[in-house]
A.B. asks: 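Quick one: structure below, then a few questions.
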Amino acid sequence: MIPTLVFYSQVDSFDDWKALLAPRLPELRICRPEEVEDPDSVHYVLAWKPPQGFFVQYPNLKLLVNLGAGVDSLVNRDDLPAVPITRISDPDMSRMMASYVLFAVLRHARDIPAFERAQRERRWHYLHPRLPESVRVGVLGLGELGTFAAKELSRQGFDVRGWSRSPKHLENVTCVNGMERLNEFLANSDILVVMLPLTEQTRGLLNADRLARLPRGCSFVNVARGALVDQQALTSALASGQIGEATLDVFDREPLPPEDPLWAMENVLITPHLASVAIPASAAQQIADNIQRLDRDEPVLHQVDPARGY
C-alpha cells in the first residue's frame, strides 16, 4: 500500500504544492480528497479549513499539517484526530505579514487616507508629516508573526509597544504583558495592530469597552482574526470618530457580506484576508522534513496544541 498525502484548500493551488512536495516525498501519493483510492492509505493531510467530518474518513492518519500559521479553524472540532498537528512556520510568511503591517502603519502614520479623500475632491490638502518616533504603534500579540512585525516597525523608527499574555523581551520594543496591563496598553496606542491568535480567551477581546480605551481618532489595523473584535462595536467606533481610520484584512464573516456597512465607510480600507499566506516554494521543505521526521520516530517541529489554540 502506497502511503497517501491528501491536500485540501479552497484558496491554495493543489498543483503548485504537489509540484514542490512530490520531488521531496517520492514515496507518497499526493492527491485531492476526491482522488483518494483507499482511505486506509491516507497517512498525512495538508489542509486549510477542511469541512466538518473531514478527518473521520481517514482512520490511519499520522500527521495533520495546517496550511498556515493560525490553527483556530481546527479548535473545538469533534472530528479532530489524535495525531500530531503542525503549523507552517515560514520566514517568508513572516516577511509578507510584516510588509503588510508596515504598509498599513505607514499609510496611517503619513495620513495617506486624508490625501486620498482630498484627491477625490480635487482639493490640495497639506498636512505636515509626523516623525515616526512621535507615533505610538501598539502590536497586540507578540507571537512569531507579531514579533517579526514589531521589529520591522521599530527599525523604521516608530515608538513600538507590544502586548502579550506572557512576558516578552524585544530590543527597542516596550513590552507589557497580562490582562491587567491591557487597558493601559490600548490607551497608549496611536495605531493599534491586532496580531493575536484566536482562542477561547481572546475571542471578542476587543469589545466596545476596550475600543473606547483607545485614544480618540486613533488608527486600527487587524491582520489576525475578525472574531477577536466586536465588529458591530468597531463599526460604531469608526462612525463616531472614536477610531479615525482602519485597515481591515479579516472579519467575523468572510467573505464580508455586500450589505455590511464597513464597505461604504470612507475611513476603512478592506482587503480579502491576504496579509500573509503560506508560500509553497519556501514551506514545502518544512512539510517534507516533518513527514520524514515522523517516519523516523522523531518529534515533529512546529507542533501546536489545539486545546490552547496555538
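Starting from 1, each residue takes its place in the sequence as its number. Just so it is clear, the values below take in all heavy atoms, side chains as well, and ignore hydrogens, waters and symmetry mates.
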A.B. asks: In terms of relative ring orientation, are F7 and W17 parallel, tilted or perpendicular, with 30° and 60° separating the classes?
C.D. replies: tilted
A.B. asks: State yes or no: do F185 and V194 share one hydrophobic cluster built from I, L, V, M, F, W and Y residues joined by side-chain heavy-atom distances below 4.5 Å, directly or via other members?
C.D. replies: yes
A.B. asks: Do H273 and R225 come close enough that some side-chain heavy atom pair is under 4.5 Å?
C.D. replies: yes
A.B. asks: More than 12 foreign heavy atoms under 6.0 Å from CZ of R29: is that the case here?
C.D. replies: yes
A.B. asks: Quick one: do W263 and I270 satisfy side chain to side chain contact (heavy atoms under 4.5 Å, CB included)? Show the steps, please.
C.D. replies: CA-CA 7 Å; W263 283 112; I270 290 171; 3.8 Å; yes
A.B. asks: Give a yes or no answer on whether the side chain of E116 reaches the backbone of E266 with a donor-acceptor pair at less than 3.5 Å.
C.D. replies: no
A.B. asks: Quick one: do the E245 and H108 side chains pair a donor with an acceptor below 3.5 Å?
C.D. replies: no
A.B. asks: Could you check if a side-chain atom of D249 sits within less than 4.5 angstrom of a side-chain atom of L274, using non-hydrogen atoms only?
C.D. replies: yes
A.B. asks: Looking only at heavy atoms, which two atoms of I30 and F14 are closest? And how far apart?
C.D. replies: O-CZ, 3.8 Å
A.B. asks: To check you understand the geometry: which heavy-atom pair defines the closest contact between G138 and S189, and what is its length?
C.D. replies: CA-OG, 3.5 Å
A.B. asks: Run the salt-bridge test on D72 and R203 with the 4.0 Å N-O cut-off and return the result as yes or no.
C.D. replies: no
A.B. asks: Please check this pair: side chain of R165 against backbone of M179, looking for a donor-acceptor N/O pair closer than 3.5 Å.
C.D. replies: no
A.B. asks: Nearest 0.5 Å, please: how far is CG in L25 from CG in L20?
C.D. replies: 11.0 Å
A.B. asks: Taking the cut-offs as 6.0 angstrom to the six-membered ring centre and 45 degrees off its axis, would you call R253 and F251 a cation-pi pair?
C.D. replies: no
A.B. asks: Does R210 have more than 12 heavy atoms from other residues, nucleotides or ligands lying within 6.0 Å of its CZ?
C.D. replies: yes
A.B. asks: If you count every heavy atom of other residues, nucleotides or ligands that lies below 6.0 Å from Q119 atom CD, does the total exceed 12?
C.D. replies: no
A.B. asks: Given the rule in the side chain to side chain contact (heavy atoms under 4.5 Å, CB included) test, do V223 and L145 qualify, once you have shown the distances and angles that lead to the verdict?
C.D. replies: CA-CA 10 Å; V223 293; L145 298 180; over 6 Å; no
A.B. asks: Take L182 and L140 through the test side chain to side chain contact (heavy atoms under 4.5 Å, CB included) and record every step on the way to the result.
C.D. replies: CA-CA 9 Å; L182 180 57; L140 184 62; 3.7 Å; yes
A.B. asks: Is there side-chain contact between S41 and I2, with heavy atoms separated by less than 4.5 Å?
C.D. replies: no
A.B. asks: Between atom CD1 of I88 and atom CD of E144, what is the distance when rounded to the nearest 0.5 Å?
C.D. replies: 11.0 Å
A.B. asks: Taking T86 for the side chain and L301 for the main chain, is one N or O donor matched with an acceptor at less than 3.5 Å?
C.D. replies: no
A.B. asks: Kindly give the heavy-atom pair with the smallest separation between K49 and Y8, and that separation in Å.
C.D. replies: O-CE2, 3.5 Å
A.B. asks: Measure the OG1-CZ distance between T247 and F220 for me, rounded to the nearest 0.5 Å.
C.D. replies: 10.5 Å
A.B. asks: Carefully, step by step, assess V36 and Q57 under the rule side chain to side chain contact (heavy atoms under 4.5 Å, CB included).
C.D. replies: CA-CA 11 Å; V36 172; Q57 57 193 319; over 6 Å; no
A.B. asks: Contact between Q156 and P132 at the side-chain level, heavy atoms closer than 4.5 Å - yes or no?
C.D. replies: no
A.B. asks: Would you check if the side chain of S276 reaches a backbone N or O of M93 as a donor-acceptor pair within less than 3.5 Å?
C.D. replies: yes
A.B. asks: Is the count of non-hydrogen atoms from other residues, nucleotides or ligands lying under 6.0 Å from Q285 atom CD greater than 12?
C.D. replies: yes
A.B. asks: Please find the pair of heavy atoms, one from G70 and one from W48, that lie closest to each other, and give the distance.
C.D. replies: O-CZ3, 3.5 Å
A.B. asks: State, to 0.1 Å, how close E171 and S154 come at their nearest heavy-atom pair, and which atoms those are.
C.D. replies: O-OG, 4.3 Å
A.B. asks: Under 3.5 Å, side chain of R130 to main-chain N/O of A109, donor-acceptor pair present?
C.D. replies: yes
A.B. asks: Do N290 and Q286 meet the criterion of a side-chain donor-acceptor pair at a distance under 3.5 Å?
C.D. replies: no
A.B. asks: If every non-hydrogen atom of L5 is compared with every non-hydrogen atom of L46, which pair is closest and at what distance?
C.D. replies: CD2-CB, 4.1 Å
A.B. asks: Would you say the side chain of L192 lies within less than 4.5 Å of the side chain of L206, judging by non-hydrogen atoms?
C.D. replies: yes
A.B. asks: Can you tell whether the side chains of E184 and R161 come within less than 4.0 Å, N to carboxylate O?
C.D. replies: no
A.B. asks: Could you check whether the rings of Y58 and F54 sit parallel, tilted or perpendicular, using 30° and 60° as the cut-offs?
C.D. replies: perpendicular
A.B. asks: Determine whether more than 12 heavy atoms belonging to other residues, nucleotides or ligands lie under 6.0 Å from atom CD of E34.
C.D. replies: yes
A.B. asks: Tell me whether L248 shares a hydrophobic cluster with M265, the cluster being built from Ile, Leu, Val, Met, Phe, Trp, Tyr side chains joined at under 4.5 Å.
C.D. replies: yes
A.B. asks: Using modelled atom types only, decide if a donor and an acceptor are shared between the side chain of T199 and the backbone of T202 within a distance under 3.5 Å.
C.D. replies: yes
A.B. asks: Answer yes or no: is there a side-chain heavy-atom contact under 4.5 Å between L238 and L262?
C.D. replies: yes
A.B. asks: Would K18 and D15 pass as an ion pair if we require N to O under 4.0 Å?
C.D. replies: no
A.B. asks: Out of curiosity, D289 CG to L294 CG, how far, rounded to the nearest 0.5 Å?
C.D. replies: 12.5 Å
A.B. asks: Between F115 and I112, is there a side-chain heavy-atom distance shorter than 4.5 Å?
C.D. replies: yes
A.B. asks: Distance from S99 atom OG to E152 atom CD, nearest 0.5 Å?
C.D. replies: 9.0 Å
A.B. asks: To the closest 0.5 Å, what do you measure between OG1 (T147) and CG (L170)?
C.D. replies: 5.0 Å
A.B. asks: Given T4, which partner from the list D40, N60, V42 fulfils the side-chain contact (heavy atoms from CB on, under 4.5 Å) test?
C.D. replies: V42
A.B. asks: Between D209 and R213, is the closest basic N to carboxylate O distance under 4.0 Å?
C.D. replies: yes
A.B. asks: Main chain of G53, side chain of D79: is a donor-acceptor contact present, judged purely on distance under 3.5 Å?
C.D. replies: yes
A.B. asks: Consider only side-chain heavy atoms of I, L, V, M, F, W and Y, link residues closer than 4.5 Å, and tell whether V45 and L80 are in one cluster.
C.D. replies: yes
A.B. asks: Check whether any side-chain heavy atom of P215 lies under 4.5 Å from a side-chain heavy atom of R136, and answer yes or no.
C.D. replies: yes
A.B. asks: Please determine whether residues V268 and V193 belong to a single hydrophobic cluster, defined as Ile, Leu, Val, Met, Phe, Trp and Tyr linked transitively by side-chain heavy-atom distances below 4.5 Å.
C.D. replies: no
A.B. asks: Do Y310 and M195 belong to the same hydrophobic cluster, where Ile, Leu, Val, Met, Phe, Trp and Tyr are linked whenever their side-chain heavy atoms lie under 4.5 Å apart, directly or via other members?
C.D. replies: no
